[in-house]
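Reading through the C-alpha cells given below for one structure.
Small disclaimer: the values here were computed from a predicted structure and weren't measured.
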Amino acid sequence: MVPRRLRTIIFLAVLVLSSSLGSEEETCNLNAGSESTCDGISKYNNADWSDHLTDVEFALANYKSCEHRNCSCFEKTLDADLSPWHETGIGKEQIDQTKQFGTFYQIIDHKLYRQKDCLFAFRCSGVEYFLLRILDGLPDVEFVLNTRDWPQSPKQWKQMPIFSFSKTADYWDILYPAWSFWEGGPAISIYPTGLGRWDQHRKSISKAAEKWPWSNKTKKAFFRGSRTSPERDSLILLSRANPDLADAKYTRNQAWKSDADTLYEQPASEMSLEEHCQYKYLFNFRGVAASFRLKHLFLCKSLVFHVGDEWDEFFYPLLKPWVHYIPVKSGHKSSDLESLLQFAKRNDAKMQKIAQNGFDAIWTHVTMENVECYWQQLIRRFSHLQTYKKRRDSSLEEIKRKREIKK
C-alpha cells in the first residue's frame with residue numbers, strides 16, 4: 001500500500017503536468033482568499049480535497065475490472081467464507097448444533113426439503129425460488145439458513161457453518177444472496193410485500209435513469225428511509241440546515257411511535273426507487289444490518305455515497321471505493337458530508353465517471369442469472385466439505401416449485 005503522503009505528492013505532480021484537468025471539471029471562480037461562485041460552493045477549494053482527488057486518481061489507475069465468466073467475480077467471497085472448513089470439513093454434529101439458529105434444509109436426490117416452520121415465510125420462499133430452479137444440478141446437501149437480519153456465528157464463539165445474507169468480518173457466517181432478490185425485503189407502503197423482484201427493478205430503475213441523465217439530475221444529496229440507525233442523523237440534520245445541498249428526511253416504519261422516531265419532525269412520504277434517479281447524489285446507510293437498497297441505487301446512474309464498510313453482502317467485494325462509489329466513514333459528522341458533497345460538485349466529470357462505473361458493475365454482474373449461479377456454486381462447494389452421507393429426514397416437508405410469476 002502506497003502511503004497517503006506519497007500518493008498526494010504523486011497526484012500533485014500529475015496535476016501540475018496536466019493541462020486537461022481544468023477543462024473537464026465544472027468551472028468555478030476560485031481566487032485566492034475568495035469564495036467560490038459556482039453552485040453555492042463556499043469556503044472550499046480543491047486544495048482542501050487533495051486527499052480525495054488523490055484517492056480517486058490512485059483508485060482508478062490501479063483498478064482492474066473483473067473478467068465476467070458466469071458468477072466467477074464472486075469467487076473470492078466463496079473462498080473466504082468456506083476457507084475455515086477446508087482442512088477439517090463439516091461434520092453432521094456441526095450441522096445439528098447449528099439447527100437452533102436458523103431453518104434446516106436438505107436437498108436429496110434433486111428434491112428440496114425444509115423443516116415445517118420458517119421464522120419468516122417470505123424470506124424462505126425468496127430463497128427457495130432460486131434453489132428450486134437449479135435443483136437438477138445440485139448434489140445432496142443439508143444446511144441451516146439464517147433468515148434473521150443479524151448474523152449468528154460470532155468468531156469469539158464456536159465456529160458454526162450457517163448461511164446468512166449479511167455479516168461483518170467478526171462473524172463466521174457464510175454469505176448467501178438475500179431472499180429479496182425475488183421476494184420479501186423491507187415492507188413499506190409503496191412496496192407492501194417487500195422490495196423483491198430484482199429482475200423487475202433492474203428494468204424499471206434503469207429506465208428511470210434514462211429519463212434523468214446526469215446533466216438533468218438535481219444537484220442534491222437525497223435520502224428517504226426510516227431511522228433504523230442513528231448514523232443516518234447527520235445527513236438529515238445537514239438537509240435541515242442546508243436544504244439546497246441535501247434533501248434527506250425520515251419516513252415512518254412499523255416501529256414508529258412518535259416524532260422522536262423521526263428526529264422530532266413529521267414523517268416524510270416514501271418515494272419509489274425510480275424517483276431517486278432524479279437526484280445526482282444518493283446515500284446508502286446500513287440499517288439493522290446491510291441495507292437492501294444499495295444495489296438499487298447504482299441503477300440510477302447517480303453517484304452513490306456508501307456509509308461505512310463494516311457490513312457485507314455477497315456482491316459487496318466487487319465494488320471498490322472511489323471507483324464505484326464515494327466512501328463515507330462511520331462516525332462522520334454533518335460537516336464531513338457537506339465537504340464531500342462540495343467536493344463532488346467541484347469535480348463533476350470525475351463523479352459522473354464513478355457513477356457510471358457503479359452502474360456498469362451492478363448491471364453486468366449482479367443479475368438474476370448470477371444469483372442462481374452463486375447459489376449453485378455455494379451448494380456444490382458446501383456439499384463437498386461435508387464429511388458424512390446425507391440421509392432423508394422424514395420430519396421435513398418437500399418444497400415444490402410453484403407456478404412462476406411472469407416477469
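In this structure, Phe343 and Trp322 have perpendicular ring planes: the angle between them is above 60°, well past the 30° mark.
Taking 4.5 Å as the limit, every side-chain heavy atom of Tyr113 sits out of range of all side-chain heavy atoms of Asp393. With a 4.5 Å cut-off on side-chain heavy atoms, Ile108 and Glu398 do not count as touching. The shortest side-chain heavy-atom distance between Gln266 and Asp259 falls under the 4.5 Å cut-off. Residues Phe101 and Asp173 are not in side-chain contact: their nearest non-hydrogen atoms beyond the backbone lie 4.5 Å or more apart. Inter-residue side-chain proximity for Val144 and Phe163 is flagged as unmet; no heavy-atom pair is nearer than 4.5 Å. The shortest side-chain heavy-atom distance between His365 and Cys73 falls under the 4.5 Å cut-off. With a 4.5 Å cut-off on side-chain heavy atoms, Ile107 and Pro139 do not count as touching. Counting heavy atoms from C-beta outward, Ser383 and Asp140 have side chains that stay 4.5 Å or more apart.
Around NZ of Lys155, the count of heavy atoms belonging to other residues, nucleotides or ligands within 6.0 Å exceeds 12. For Lys390, the NZ atom is densely surrounded, since the number of other residues' heavy atoms within 6.0 Å is greater than 12. For Lys220, the NZ atom sits in a packed shell: over 12 heavy atoms of surrounding residues, nucleotides or ligands are nearer than 6.0 Å. The local environment of CD in Gln156 is crowded, with over 12 non-hydrogen atoms from other residues, nucleotides or ligands closer than 6.0 Å. More than 12 heavy atoms of other shown residues, nucleotides or ligands fall within 6.0 angstrom of atom CG in Asn216.
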Open item on the list: Apply salt bridge (Lys or Arg N to Asp or Glu O under 4.0 Å) to residues Lys92 and Glu142 and explain how you reach the verdict.
Closed with: CA-CA 9 Å; Lys92 176 66 173 172; Glu142 50 188 30; 2.7 Å; yes

Open item on the list: One pair to check against side-chain contact (heavy atoms from CB on, under 4.5 Å): Val127 and Trp375. What are the steps and the verdict?
Closed with: CA-CA 9 Å; Val127 167; Trp375 267 114; 3.5 Å; yes

Open item on the list: Could you go through Gln386 and Ile95, starting from their C-alpha distance and side-chain angles, then the distance that decides it, and tell me whether this counts as side-chain contact (heavy atoms from CB on, under 4.5 Å)?
Closed with: CA-CA 9 Å; Gln386 293 182 323; Ile95 295 295; 3.8 Å; yes

TODO: Applying side-chain hydrogen bond (donor to acceptor under 3.5 Å, both in side chains), run through Thr218 and Trp212 and close with a yes or a no.
DONE: CA-CA 9 Å; Thr218 301; Trp212 297 97; over 6 Å; no

- [ ] Give the C-alpha distance, both sets of side-chain angles, the deciding distance and a yes or no for side-chain hydrogen bond (donor to acceptor under 3.5 Å, both in side chains) between Glu270 and Thr251.
- [x] CA-CA 6 Å; Glu270 292 151 345; Thr251 58; 4.6 Å; no

Open item on the list: Test ring-ring contact (aromatic ring centres under 6.0 Å, His included) on Tyr316 and His306; report intermediate values, then the result.
Closed with: CA-CA 11 Å; Tyr316 278 25; His306 181 44; 5.8 Å; yes

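When every heavy atom of Gly331 is checked against every heavy atom of Glu231, the shortest pair comes out as N-OE2, 3.4 Å. Heavy atoms only, all atoms of each residue included: Leu273 and Cys300 are closest at O-SG, 3.9 Å. Taking each heavy atom of Phe283 and Ala221 in turn, the nearest pair found is CE1-CB, 3.5 Å. Residue Tyr171 comes nearest to Pro154 through the heavy atom pair CD2-N, 3.4 Å, listed as atom of the first residue, atom of the second, then distance. In terms of heavy atoms, Gly126 sits closest to Trp182 at O-CB, 3.9 Å. The minimum heavy-atom distance between Arg232 and Arg286, with the atom names listed, is NH2-O, 3.2 Å.
A cation-pi geometry, defined here as NZ or CZ lying under 6.0 Å from the six-membered ring centre and within 45° of its normal, holds between Lys295 and Phe181.
In this structure, the side chain of Lys280 does not engage the main chain of Leu303 through any donor-acceptor pair within 3.5 Å. A donor-acceptor contact shorter than 3.5 Å is absent between the side chain of Glu274 and the backbone of Ala208. The main-chain N or O of Phe315 is never found under 3.5 Å from a side-chain atom of Glu313 such that the two would form a donor-acceptor pair. Under a 3.5 Å cut-off, the side chain of Thr98 and the backbone N or O of Gln94 do form a donor-acceptor pair. Side chain of Thr364 to main chain of Ala361: no donor-acceptor pair is present (N/O by atom type, distance under 3.5 Å, no hydrogens or angles). Using modelled atom types, no side-chain atom of Glu397 and backbone atom of Ser395 make a donor-acceptor pair closer than 3.5 Å. Not a single donor-acceptor pair under 3.5 Å links the side chain of Ser239 to the backbone N or O of Leu235. Looking only at distances, no side-chain donor or acceptor of His384 sits under 3.5 Å from a matching main-chain atom of Arg380. In this structure, the side chain of Gln342 does not engage the main chain of Ser339 through any donor-acceptor pair within 3.5 Å. With hydrogens and angles disregarded, no donor-acceptor distance shorter than 3.5 Å links the side chain of Thr147 to the backbone of Cys124.
Aromatic pair Phe222/His276: ring centres closer than 6.0 Å. The distance between the ring centers of Trp198 and Trp179 does not fall below 6.0 angstrom.
Here CZ of Phe143 is found 10.0 Å from CD of Gln106. Values are rounded to the nearest 0.5 Å. Atom NZ in Lys329 sits 10.0 Å away from atom CG in Asp309 (nearest 0.5 Å). Atom CG in Asn146 sits 12.0 Å away from atom NZ in Lys167 (nearest 0.5 Å). To the nearest 0.5 Å, atom CE of residue Met351 and atom NZ of residue Lys345 are 13.5 Å apart. Expressed to the nearest 0.5 Å, how far OG1 of Thr103 lies from CZ of Arg148 amounts to 8.0 Å. Taken from CD1 in Ile362 to NE2 in His296, the straight-line distance is 10.0 Å, to the nearest 0.5 Å.
A salt bridge links Glu128 with Arg114: the closest approach of a Lys/Arg side-chain nitrogen to an acidic carboxylate oxygen falls below 4.0 angstrom. Taking a cutoff of 4.0 Å between a charged side-chain nitrogen and a carboxylate oxygen, Lys350 and Glu57 qualify as a salt bridge. Using a 4.0 Å cut-off between charged side-chain N and carboxylate O, Arg197 and Glu183 make no salt bridge. Residues Arg240 and Asp233 are not paired through a salt bridge, judged by the lack of any N-O separation under 4.0 Å between the basic side chain and the carboxylate. Under the 4.0 Å criterion applied to side-chain N and carboxylate O atoms, Glu275 and Arg224 are not assigned as salt-bridge partners. Between Lys99 and Asp96, at least one side-chain N (NZ, or NE/NH1/NH2) sits under 4.0 Å from a carboxylate O, which counts as a salt bridge. For the pair Lys219 and Asp348, the salt-bridge criterion is not met [side-chain N within less than 4.0 Å of a carboxylate O]. The pair Glu210-Lys301 does not meet the salt-bridge criterion, since no charged nitrogen lies less than 4.0 angstrom from a carboxylate oxygen. A salt bridge links Arg123 with Asp149: the distance from a Lys NZ or Arg NE/NH1/NH2 to an Asp or Glu carboxylate oxygen falls below 4.0 Å.
Defined by atom type and a distance below 3.5 Å, a donor-acceptor pair is present between the side-chain atoms of Gln97 and Glu93.
Results of the ring pair (Phe, Tyr, Trp, His ring centres under 6.0 Å) test with Phe165 over Phe314, Tyr176, Phe292 single out Phe292 as the only residue that passes.
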